[in-house]
Amino acid sequence: MINKQNGEEFDIEIDKTVGKPFIDDAKFSTRNVEVFYGDKQAIFDASIDIGKNQITAMIGPSGCGKSTLLRCLNRMNDTIQDCRISGAIKLDGEDIYQKHQDPVLLRARVGMVFQKPNPFPKSIYDNVAYGAKLHGLASNKIELDALVEKSLIRAGLFKEVKDLLHKPGTGLSGGQQQRLCIARTIAIDPEVILMDEPTSALDPIATAVIEELMISLSKKYTIVIVTHSMQQAARVSQRTAYFHMGHLVEVNKTNTVFTNPEHQLTENYITGRFG
Amino acid sequence: MMEIQHISRQYNQELEGVKNKVLKMGGLVESQVEKAISALIEQNNELAKEVAESDDKINKIEVEIDKKCAQLIAKRQPAAGDLRLIIAVIKVITDLERIGDEAEKIGRYTQKLTSIQDDTNMYAELFRLGEQVIAMLRDALDAFARMDVEQATKVAQTDRQIDQEFDRVSRILVTYMMENPRHIKTMLKVIWCARALERIGDHSQNICEYVVYFVNGQDIRHTGLE
């Protein structure tokens with residue numbers, strides 16, 4: 001295929017994904033996934049395994065399809081009209097796009113954290129309790145209190161907000177709001193957390209706090225992160241996937257991708273040779 | 001591998017700048033070694049003195065390049081090929097600096113040897129070793145300049161011949177010492193010079209191995225060359 005780089009066309013083949021896209025202990029497996037928005041194809045033949053209790057980073061230039069694939073993992077694309085998905089996406093071996101699968105239940109198992117912190121215009125307590133109430137995870141006030149506290153502790157936010165639980169969540173700083181959103185996500189005890197550029201609106205200190213949190217959360221949850229910061233991918237993830245114009249170019253251990261990538265396109269992108 | 005440029009032109013220039021400095025340092029080291037060998041074989045006291053006293057320049061460039069590399073790592077967070085280039089550079093200049101030290105050593109021994117009146121003329125025995133070493137160093141630097149894996153692999157293998165030549169020279173010198181115990185003190189200095197030359201071969205081999213590491217991302221230091 002013809003690629004464009006620095007405004008010039010050049011020819012680099014993307015035949016199939018290089019590296020090691022498949023692993024033994026997979027939580028998620030996608031096979032031959034193709035995504036179309038109307039007649040525009042956003043993803044071509046993406047097959048990758050997401051390791052259990054690992055952080056998998058998806059990187060690539062804007063419009064490369066990384067966010068699209070991430071959003072396929074909890075069927076967020078269902079809400080987009082004329083979005084068609086083919087191929088198989090399996091969570092614990094079960095296809096999540098089969099008719100009998102309930103997307104709401106799926107999203108309880110596969111939580112999501114977005115680029116901009118988006119707390120509900122409610123109190124800190126209610127933000128965390130909301131999903132748990134919806135899914136009936138607590139039978140009384142004491143249980144709910146305990147759940148909110150546990151989630152805030154896990155998100156590393158409890159100490160900072162324990163006296164402000166009934167103040168609005170929107171009054172927190174950006175980094176605290178993002179951790180509140182993470183607390184809200186883990187309150188419903190998901191198995192997988194999808195993060196779409198979770199720190200791009202945060203300063204370096206708040207970013208470091210979230211990254212530290214991600215690493216500690218990965219002991220219990222499987223995490224997939226889409227990030228524009230290659231250094232972030234290098235710092236937090238165990239495996240890295242590189243996307244280019246809808247193609248999944250390379251997947252491998254992060255250590256390998258950042259020291260000795262196999263594909264020329266991966267090398268160009270991570271060394272900053274990409275327009 | 002390097003034909004596609006960075007988006008940041010400044011970054012390109014910084015990397016190129018570091019690489020050029022290494023080549024400049026390599027040129028200096030090569031000329032030091034050449035002079036040291038000539039001084040030794042021709043017993044030229046003036047030249048030996050010059051070699052012994054100009055190692056300082058090489059040391060300064062090493063410090064300068066190290067500093068530049070540290071700045072590049074801090075400011076640019078190099079990855080993949082760029083990272084391997086910087087690691088290779090840091091390692092290559094350590095070997096170059098040590099080659100400089102060996103040349104300086106030969107210069108100092110030669111100064112002492114020229115002050116001893118002696119007509120044994122065993123220095124000629126080092127001629128071939130000197131030729132081999134200087135050729136290997138030159139080819140290693142050439143492989144680095146062009147980042148040529150094939151040449152680097154070939155050059156690295158010539159270290160074996162240098163080791164063999166060093167063994168041959170050692171045997172001759174030891175035999176000579178046994179026959180002429182009077183000359184042991186002098187001959188020991190000649191052996192140290194031969195040993196310094198042999199070490200330059202080892203350092204040149206290391207430089208070739210870093211070329212392979214940079215291009216292929218493969219560390220062949222202790223696994224041998226295939």
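Just so we're on the same page: letters track the sequence lines, and every chain starts at 1. All values below come from the heavy atoms of this structure, side chains included, with hydrogens, waters and symmetry mates left out.
- Within 6.0 Å of CD on Gln13(B) lie more than 12 heavy atoms contributed by other residues, nucleotides or ligands.
- Panel note: side chain Glu267(A), backbone Ala80(B); no donor-acceptor pair is recorded below 3.5 Å.
- Around atom CZ of Arg98(B), no more than 12 heavy atoms belonging to other residues, nucleotides or ligands sit under 6.0 Å away.
- Interatomic distance, OG1 of Thr271(A) versus CG of Leu85(B), reported as 11.5 Å (0.5 Å rounding).
- Between atom NE2 of residue His6(B) and atom CG of residue Asn268(A) there is a gap of 9.0 Å, rounded to the nearest 0.5 Å.
- Surrounding CZ of Phe127(B) are at most 12 heavy atoms belonging to other residues, nucleotides or ligands under 6.0 Å away.
- The number of heavy atoms from other shown groups lying within 6.0 Å of NZ (Lys189(B)) is above 12.
- Most heavy-atom pairs under 4.5 Å with chain B: of the set Ile270(A), Val257(A), Thr259(A), Thr256(A), this distinction falls to Thr259(A).
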